[in-house]
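Quick notes on the structure that follows.
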Protein chains: 2
Amino acid sequence: MTIHDVAAAAGVSISTASKALNNTGRMGAETRERVKRIAGEIGFRPNALARGLLSKRSFTIGLLTNDTYGRFTLPVMAGISEALVDHGVSVFLCAIEDDPALGQIHVDAMLDKQVDGIIASGKRLDRRLPVDLSSLPVPVVYAFTEGTPNSVTLRSDDGQGARLAVEWLAKLGRHRIAHITGPEDFFSVRERASAYREVAGDAEPVLYGIWAESWGHEAVGSIWDRPGEKPDAVFCGNDQIARGVVDALRERGVRVPEDVSVVGFDNWEILAAQTRPPLTSIDMGLKELGREAGLTVLALAEGRPVEPGVRKLPCRLVVRQSCGGMSPTE
Amino acid sequence: MTIHDVAAAAGVSISTASKALNNTGRMGAETRERVKRIAGEIGFRPNALARGLLSKRSFTIGLLTNDTYGRFTLPVMAGISEALVDHGVSVFLCAIEDDPALGQIHVDAMLDKQVDGIIASGKRLDRRLPVDLSSLPVPVVYAFTEGTPNSVTLRSDDGQGARLAVEWLAKLGRHRIAHITGPEDFFSVRERASAYREVAGDAEPVLYGIWAESWGHEAVGSIWDRPGEKPDAVFCGNDQIARGVVDALRERGVRVPEDVSVVGFDNWEILAAQTRPPLTSIDMGLKELGREAGLTVLALAEGRPVEPGVRKLPCRLVVRQSCGGMSPTE
DNA sequence: TTGAGGAGAGAAAACCTTTTCTCACGCTGC
DNA sequence: GCAGCGTGAGAAAAGGTTTTCTCTCCTCAA
């Protein structure tokens with residue numbers, strides 16, 4: 001089913017058929033309608049390859065990621081797809097592990113296929129993908145991964161997210177707020193910790209560890225075993241740690257949320273909702289991040305100007321039951 | 001950088017350049033080498049759109065899924081990508097939620113882009129995607145979702161997986177093996193339960209519930225609170241349930257694995273490894289499934305014959321510490 | 001010396017669409 | 001009655017590549 005068939009069936013030339021279908025050119029209204037009707041009847045759909053060859057636009061972009069579990073990439077991907085499907089753009093997903101060679105293969109394959117742009121994503125804000133995207137013939141947007149100097153980079157505002165969490169705890173009347181978090185060499189860990197300090201002061205030390213439940217357990221042990229007053233709230237670096245914290249507290253007979261409020265980070269639905277009690281958590285808004293990234297790369301592909309630099313998107317507090325108290329709108 | 005530039009730089013015609021680069025046609029060996037060298041030097045890469053237009057092969061396939069969390073789709077995707085990247089094939093990922101309209105939009109977009117084939121995937125073996133793929137102009141392979149009657153369908157062998165689990169427990173000397181699993185209306189639940197019955201007999205009832213930790217908890221409660229002898233092993237319908245079971249047992253002072261062995265299903269790394277103790281689990285081999293699906297759709301796209309029907313791929317036992325005992329090779 | 005045949009290379013068509021250019025025709029205004 | 005113009009529609013080129021066909025030499029054998 002090519003445009004030839006449409007033209008033949010409508011008794012017009014190919015050029016007329018094309019113009020009719022694209023609402024361009026001059027022609028009689030009934031001719032246009034007839035061509036359109038016939039195209040619909042025989043189920044004509046234009047070949048995107050041929051169209052792309054001419055227009056230099058493939059309506060295709062690539063998403064490059066090294067996030068194997070997809071915990072971060074999946075929401076980003078969903079946002080991108082959601083934003084771009086209306087524009088007829090499809091997305092190549094390329095998981096490149098941490099392998100530079102594999103990354104290069106995928107980038108080359110995408111360029112061969114004339115993608116209109118590339119979105120680079122990852123599992124960590126302060127690490128680069130193992131492949132250089134700085135001088136590609138197509139626009140590149142970095143989302144949730146570190147970009148090159150003059151690039152467009154989108155990331156979550158972890159400081160604001162942390163502030164949100166701690167202020168929420170404060171609003172609930174908690175004032176001895178501990179912070180149990182991940183490895184200090186993560187930029188986002190430092191950013192969250194410093195926002196935490198701003199709001200909570202330094203009554204409690206920040207406990208750095210690893211991104212695991214076991215660390216949440218262990219940290220609760222070290223805090224509750226030491227003498228002196230105990231915290232009445234814990235702000236955790238991610239939901240896994242929070243889960244460990246909640247479990248450890250319950251095992252010690254400390255009630256959550258009655259005695260201690262706990263806030264997580266990431267709002268990893270499948271974990272946060274299964275914890276007992278379900279975790280109040282900070283959502284980084286990765287889907288919105290993806291949506292923005294999609295629209296941005298599209299803008300660049302269409303030649304619209306986008307000012308370079310790092311753009312931080314706000315986090316959101318998702319209230320469940322691990323803090324007790326009021327609803328978030330009060 | 002087009003083949004015109006290569007031809008000009010090498011002082012040959014376009015056709016000669018093309019033939020040189022593709023190792024086709026007749027020509028002097030040094031001419032061929034010279035063209036290749038120059039193409040390499042100026043960084044020529046053929047335009048896949050133009051090539052696809054002519055060859056009717058876009059070296060592109062689509063992966064359609066309604067699995068939002070990507071827990072099943074992600075490993076499948078990884079397998080597909082891994083198998084096809086060597087063949088120069090890129091993959092469009094289309095997440096269609098459960099929306100028929102969205103599904104149709106994505107399918108149309110992919111067909112417009114002349115994909116060589118489509119792989120349909122999902123989150124459940126016994127459900128169809130909300131879009132009809134039965135009479136598309138491109139080959140379709142179903143992976144981890146129900147296919148249409150005469151299609152090629154790939155799925156995990158859940159019966160064999162369940163057998164693996166129960167036999168493993170038996171081999172460890174466990175003989176009162178309980179089965180706590182998901183909703184009975186899942187085909188895979190029934191399949192696993194019936195394999196369990198075959199091996200374990202019906203000393204213990206099968207407990208059907210929901211796919212949640214809370215159900216694991218609850219089920220342990222109902223078993224351990226009833227009078228009489230207790231199980232010495234629990235085979236769980238998935239890792240979330242297993243997690244709930246392990247936690248509930250620990251809370252009751254029942255030791256895992258000393259007193260009771262626990263096996264999960266899905267081998268959801270991030271959960272199984274964080275459980276205390278880490279879960280022995282059945283891996284459905286979704287990556288291999290993806291790989292097979294990729295190679296199969298490629299075969300179909302190239303016109304090689306593939307016999308239709310349902311092909312079951314074996315599950316694998318992944319031993320961690322929740323069963324105790326020996327290593328898996330003994 | 002001539003004819004056949006083969007080797008090397010180029011011309012051109014094809015893939016499908018969009019877009020620009022050209023053409024024919026009928027009408028209006030002088 | 002004729003120049004000019006607007007309208008509707010088609011011809012053709014372009015985009016980058018592959019492939020088939022053709023052409024020109026050159027060599028070798030008769």
Side-chain angles (χ1 to χ4, degrees), chain A residues 1-36 38-39 42-60 88 108-116 137-138 302, chain B residues 1-36 38-39 42-60 88 108-116 137-138 302:
Chain A
M1 282 303 110
T2 76
I3 201 170
H4 286 85
D5 303 310
V6 176
V12 296
S13 73
I14 296 170
S15 21
T16 302
S18 174
K19 284 180 290 192
L21 295 172
N22 293 301
N23 284 326
T24 58
R26 292 180 315 206
M27 73 183 52
E30 34 67 61
T31 309
R32 198 181 289 279
E33 281 317 310
R34 180 164 43 92
V35 172
K36 282 183 174 177
I38 289 177
I42 68 176
F44 166 74
R45 313 215 87 225
N47 182 323
L49 264 43
R51 181 180 272 182
L53 190 55
L54 207 49
S55 68
K56 308 285 189 193
R57 294 267 281 109
S58 64
F59 289 90
T60 280
D108 287 345
M110 291 196 290
L111 293 179
D112 289 353
K113 280 158 191 151
Q114 311 291 113
V115 290
D116 296 333
V138 298
E302 289 171 353
Chain B
M1 282 304 110
T2 76
I3 200 171
H4 287 82
D5 303 310
V6 176
V12 297
S13 72
I14 296 171
S15 22
T16 301
S18 174
K19 283 179 290 192
L21 295 171
N22 293 301
N23 284 325
T24 58
R26 293 180 314 206
M27 73 183 52
E30 33 67 62
T31 308
R32 198 182 288 279
E33 281 316 311
R34 180 164 43 93
V35 172
K36 281 184 175 177
I38 289 177
I42 68 176
F44 166 74
R45 312 215 87 225
N47 182 323
L49 264 42
R51 180 180 274 182
L53 190 55
L54 205 50
S55 67
K56 309 285 190 190
R57 294 266 282 108
S58 64
F59 289 90
T60 279
D108 287 345
M110 290 196 292
L111 293 179
D112 289 353
K113 280 157 191 150
Q114 312 290 114
V115 290
D116 296 333
V138 298
E302 290 171 352

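What you are looking at is a predicted structure, and each value in this text was computed from that prediction instead of being measured. We name chains A, B, ... by the order of the sequence lines, and we start the count at 1 in each one.
Remark: S13(B) is in phosphate contact with dG10(C), judged by side-chain N or O atoms under 4.0 Å from OP1 or OP2.
The distance from the CG atom of N23(B) to the NZ atom of K36(B) is 3.5 Å, given to the nearest 0.5 Å.
A heavy-atom distance below 4.5 Å is not found between the side chains of L49(B) and K56(A). Using a 4.5 Å heavy-atom threshold, the side chains of L21(B) and F44(B) count as touching. Considering only heavy atoms from C-beta on, R45(B) comes within 4.5 Å of D108(A) through its side chain. Looking at heavy atoms from C-beta onward, K113(B) lies out of side-chain contact with T60(B) at the 4.5 angstrom threshold. For the pair N47(A)/L53(B), a side-chain contact is recorded, criterion being any heavy-atom separation below 4.5 Å from C-beta on.
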Show every donor-acceptor pair shorter than 3.5 Å between a side-chain atom in residues 7-19 of chain A and any protein atom, with sequence neighbours excluded, or say none if there are none.
{"unit_1": "S13(A)", "atom_1": "OG", "unit_2": "S15(A)", "atom_2": "OG", "d": "3.2"}
{"unit_1": "S13(A)", "atom_1": "OG", "unit_2": "T16(A)", "atom_2": "N", "d": "3.2"}
{"unit_1": "S13(A)", "atom_1": "OG", "unit_2": "T16(A)", "atom_2": "OG1", "d": "3.0"}
{"unit_1": "S18(A)", "atom_1": "OG", "unit_2": "N22(A)", "atom_2": "ND2", "d": "3.4"}

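Protein atom CZ of R32(A) is 13 Å distant from nucleotide atom P of dG10(D), rounded to whole Å. Atom CZ in R26(B) sits roughly 11 Å away from atom P in dA9(C) (whole-Å rounding). The distance from atom CG of D5(A) to atom P of dC15(C) is 11 Å, rounded to the nearest whole Å. Straight-line distance from the CD atom of E33(B) to the P atom of dA9(C): 13 Å, rounded to whole Å.
End-to-end axis angle for the helix from dT1(C)-dA30(D) to dC30(C)-dG1(D), using five pairs per end and rounding to 10°, comes out at 70°.
A donor-acceptor pair is defined here as one N or O able to donate and one able to accept, closer than 3.5 Å; such a pair exists between the side chain of R32(B) and the backbone of T24(B).
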Which letter, B, S or -, goes with each nucleotide of nucleotides 13-18 of chain D from 5' to 3', with contact meaning a protein heavy atom under 4.0 Å? -BBBBB

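Nucleic acid contact class of T31(A) (heavy atoms, under 4.0 Å, all strands): sugar-phosphate only.
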